[in-house]
Amino acid sequence: MQSGENTYISSGEIERILMSQEEIDETTDRIAAEIDRDFKNYDGKVIILGILKGSVVFMGDIMRKLTIPVEIDFMKVSSYSGTLSGGRINIVLDLNRADLSESTIIIIEDIIDSGRTLSYLTEYLRINGAADVKTCTLLDKPSRREVDFTPDYVGREIPDEFVVGYGLDYCEKYRTLPFVGILSRSVYEK
Ligand code: IMP
Ligand code: MG
């Protein structure tokens, strides 16, 4: 099925496709090549750390496109409900590793909005002894920043729209869409 025929598009829930499957494929090729280039001569351990649940699809693509050896891990944080950020970050699932002193952690995130999640996690992992912490996001909404934060690897900057698909949700819906689409305002402005 072509993504344009998706039922969420014909129902009007998705206003339009922001990032097609083809663009996602090109973007994940580019990011994996950047990470490969930056770490091919690194003699420590590289851990790619997916932030559940939004990053799982992106993480799956990136990890299969990397050629350098990496380990994978996951953390889960919560702060969002619906389309509103709660501000406070809670760690729901922690990273349980004894020693991070020889490891560079590359955090894989779906999207950066206020910047609070990634700035908190970067600091948290540094305090917990990681040799270095890098950040990688598929999407970035720089106009929404509340804390100063610049990611190391970025798929694409996007305007201030609420987007779903390719792992991203609204109230746990739409994560399985193979593209990123703008959620129609009529879905959440009631
Ligand atoms: P931040 O801490 O404000 O940067 O928020 C980042 C988190 O907010 C992401 O991991 C997402 O879970 C969520 N988020 C922000 N914008 C969107 C969006 O447009 N669609 C879906 N989730 C979003
Ligand atoms: Mg998230």
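It should be emphasised that the depicted structure is a prediction, and the values quoted were computed from it without experimental measurement. First listed ligand is number 1; within each ligand, the first listed atom is number 1. Just the heavy atoms: all of them, side chains too, but no hydrogens, waters or symmetry mates, feed the values below.
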Novice: Does D169 come within less than 4.0 Å of K53, counting only side-chain N to carboxylate O?
Specialist: no
Novice: Check the pair L49, M75 against side-chain contact (heavy atoms from CB on, under 4.5 Å), reporting the backbone distance first and the verdict last.
Specialist: CA-CA 7 Å; L49 178 70; M75 282 180 75; 3.8 Å; yes
Novice: Any non-hydrogen atom of R144 lying under 4.0 Å from ligand 1?
Specialist: no
Novice: At a 4.0 Å threshold, what atoms of ligand 1 neighbour a non-hydrogen atom of E161?
Specialist: 19 (O)
Novice: Is it the side chain, the backbone, both or neither of L168 that has a heavy atom closer than 4.0 Å to ligand 1?
Specialist: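 Just the side chain.
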Novice: With a 4.0 Å cut-off on heavy atoms, is K141 in contact with ligand 1?
Specialist: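 The answer is yes: ligand 1 sits under 4.0 Å from a heavy atom of K141.
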Novice: Return a yes/no value for I89: is any of its N or O atoms, backbone included, closer than 3.5 angstrom to an N or O of ligand 1?
Specialist: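 Between I89 and ligand 1, no N or O pair is found under 3.5 Å apart.
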Novice: Can you find a pair of side-chain heavy atoms, one from I107 and one from L125, that are under 4.5 Å apart?
Specialist: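 Side-chain contact under 4.5 Å: yes.
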Novice: Provide the number and element of each atom of ligand 1 under 4.0 Å from a heavy atom of D169.
Specialist: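 In order of number, 21 (C).
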Novice: When rounded to the nearest 0.5 angstrom, what is the spacing between CD in E15 and CD1 in I182?
Specialist: 5.5 Å
Novice: Which of the numbered atoms in ligand 1 are under 4.0 angstrom from any heavy atom belonging to T117?
Specialist: 1 (P), 2 (O), 5 (O), 6 (C)
Novice: Ring-plane angle category for Y120 and Y124, please: parallel below 30°, perpendicular beyond 60°, tilted otherwise.
Specialist: parallel
Novice: For E102, look at atom CD and say whether over 12 heavy atoms of other residues, nucleotides or ligands are found less than 6.0 Å away.
Specialist: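 No - once you tally the heavy atoms of other residues, nucleotides and ligands closer than 6.0 Å, there are 12 at most.
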Novice: Taking only residues two or more places apart in sequence, or in another chain, which ones meet K173 in a salt bridge (charged side-chain N to carboxylate O under 4.0 Å, His left out)?
Specialist: E13
Novice: Where does I51 meet ligand 1, judged by heavy-atom distances below 4.0 Å: at the side chain, the backbone, both, or neither?
Specialist: neither
Novice: From the options D113, I111, L139, select the one whose nearest heavy atom is closest to atom 14 (N) of ligand 1.
Specialist: I111
Novice: At a 4.0 Å cut-off, with the gap strictly under it, does some heavy atom of G115 reach an atom of ligand 1?
Specialist: yes
